[in-house]
Amino acid sequence: MIPALKIVNLNKKFANDVHALKAVDLQVESGEFFSILGPNGAGKSTLINIAAQVVKKSSGLVEVFGHSIDDFPQQAKLLLGYTPQEIALDSFFSVREVLINHSGYYGFSANLEWIDHLLEQLHLSTYANRNSKELSGGMKRRLTIAKALVHRPKLLILDEPTAGVDVSLRHSLWKFIRELHQSGTTIILTTHYIEEAQKLADRVAIIRDGEIIACDNTQQLLKLFGSRRFEFNLSKEIAMPDTLGPLTFSEDRLMVSGEYRSESAKSLFGWLSDNSHLVADVRIESEQLEDVFLKLTEKS
Amino acid sequence: MINWYGCWALFKRECRRFINVWAQTLGAPLISAMLYFVVFGAALGSRIGITDGVPYTLYLIPGLAAMGMIQHSYQNTSSSLIQMRYLGMLDADFLALPLTPLQIVLAFVSASMVRGTMVGSVILLVSWCFFPYSIAHPLLFILSSLVISAIFGLIGFISGMWARSFDNISFISNFILTPMVYFGGVFFSISMLPEGWRTVAIFNPVFYAVDMFRYAMINTGQSAFYLSSSAAIGIMAGLFILAVWLVNRGWRIKA
């Protein structure tokens, strides 16, 4: 199957000599929900802006459903919907007119049914005849997403679509994006909300300083880079031998924690059992994608 | 597969943008033209008398119409692009569109030609009410209107790509375009200028555009029609090629 997005050895050096992307290789399969995570300035937006052809690449290959952006730029653009990070709307027109215009740019002369469907799905029907500049921030964000979907793209690129929106709107957008993905649209999402990537994406790429440092499905990333920790609450203070290994104690020494499945954990469990010490409470916590992200993006 | 409907949609968007604010884009030039006509035509016309073989008031009409076309076709493209930059629309509504550079330039410049010729027509209509006239060469008149609007629509397009702010657009309009218009034979024959300035006027593209238009309209001109029309068409073609090349390179709009 032809990948939705194929990137080979992509480099981007800006005029100010900033090397934003360094030999990036990436493949997003058709039908996938893919997320790109990275700290500010890591190169996430540059990467997707090159795919959307709004930023020039310095070298490398970029293909959208097999169409190289060098040889078939218009065909690649027709297959792709793009929402930039910054909200930008045509303030001369109403909400519906903005969508009609955008639909026309993609060659659709009669698309009103789909436009009305998008307006309804994104809770914008009531505001369809209002000028786009009269909308609230959240509504503008939804209209930006509707614009990107107006030509029914096979690949949708969302650059931080939920940045700055309230919790309830974020959840309603997640629902909408998830349904869109279930209907067959390939989605690439960049986000600062790691929870968002963990909830929605099949696979996650973590980018740091213009390089992809990890790319796998969420569970695999957690398995590879995450860890689980245990926490025992003891009924009384117990003097433990140093030979048990690296453990962390609370100030009152009534709580001991450490890495689950480590040698020190095994020794501790054995020692507590051998000496018949009572444990009042046990907690085992898995690391979240956020911890993996922090671990990987932390500079040595 | 060439997306011509997309090009048409962009053209329509550009036309509707100026029609939506018609009072500013069509009403204002109408008032300015009336004022120019009353002040220059009625007050000075009788004193100046005959210019290049025709009454000064009649001589003035094509100049005023050409000036309106020049200013408004320039403003249409330049203001549209700078507004897009200002509103952050250049990414999703310009660079990401599935249109070729040629289609983008064609859509923007065609819309500026519509606005230019609409403004020119309004000015001519008002002028006719004050001073009835007939068109000497109707076909050449239409063609030269389109060429003038295209030249300055293209200059506006390139300026809009270059400009980083509204100030940049005003700079070109005030310090380059306006002097070119005033020394381009809009209000007077360049034969009335001192020798040195006459030489400067010969290198002014506005002179050829206005002279071509004046000949097509009232059958009088200071240079041979073939010379003025060839110069104007050559300038238009050169600017068009330059604009397409610049969009293709993403000059000043694509990082």
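Within every chain, numbering begins at 1; the chains are lettered A, B, ... in the order of the sequence lines, protein sequences first and strands thereafter.
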Under 4.5 Å from any heavy atom of chain B, what part of A/L89 do you find: side chain, backbone, both or neither?
backbone

With a 4.5 angstrom heavy-atom cut-off, is it the side chain or the backbone of A/F14 that approaches chain B, or both, or neither?
side chain

Report the relative orientation of the aromatic rings in A/W114 and A/H117; use parallel for angles under 30°, tilted for 30 to 60°, perpendicular for over 60°.
parallel

Pick from A/A52, A/P73, A/A76, A/A88 with the largest number of heavy-atom pairs that fall under 4.5 Å of chain B:
A/A88

Quiz: residues 26-33 of chain B side-chain donor-acceptor pairs under 3.5 angstrom, not counting sequence neighbours:
residue: B/S32; atom: OG; partner: B/A28; partner atom: O; Å: 3.1

Ion pair check, A/D116 and A/R96, cut-off under 4.0 Å
yes

Is it the backbone or the side chain of A/I87 that comes under 4.5 Å from a heavy atom of chain B, or both, or neither?
backbone

Heavy-atom cut-off 4.5 Å, strictly under: side chain, backbone, both or neither for A/F108 against chain B?
backbone

Looking at B/F108 versus B/F94, is the centre-to-centre ring distance below 6.0 Å?
yes

Greatest number of heavy atom pairs closer than 4.5 Å to chain B - which of A/K12, A/K56, A/E86:
A/K56

Given the rule in the side chain to side chain contact (heavy atoms under 4.5 Å, CB included) test, do A/L158 and A/Y82 qualify, once you have shown the distances and angles that lead to the verdict?
CA-CA 6 Å; A/L158 302 162; A/Y82 162 71; over 6 Å; no

Under 4.5 Å from any heavy atom of chain A, what part of B/D91 do you find: side chain, backbone, both or neither?
both

Just by distance, with hydrogens left out, do B/N76 and B/R115 show a side-chain donor and acceptor under 3.5 Å apart?
yes

Considering only heavy atoms, which portion of A/H151 lies under 4.5 Å from any heavy atom of chain B: side chain, backbone, both, or neither?
neither

Between side-chain atoms of residues 235-252 of chain B and protein atoms elsewhere (two or more places apart, or another chain), which donor-acceptor pairs fall under 3.5 Å?
residue: B/R252; atom: NE; partner: B/W162; partner atom: O; Å: 2.7
residue: B/R252; atom: NH2; partner: B/W162; partner atom: O; Å: 3.0

Using heavy-atom distances under 4.5 Å, tell me whether B/Q83 contacts chain A through its side chain, its backbone, both, or neither.
side chain

Considering only heavy atoms and a distance below 4.5 Å, find which of A/P84, A/A15, A/G104 pairs most often with chain B.
A/G104

If the threshold is 4.0 Å, N to carboxylate O, is there a salt bridge linking B/D93 and A/K147?
yes

Heavy-atom proximity to chain B below 4.5 Å, by part of A/D90
both

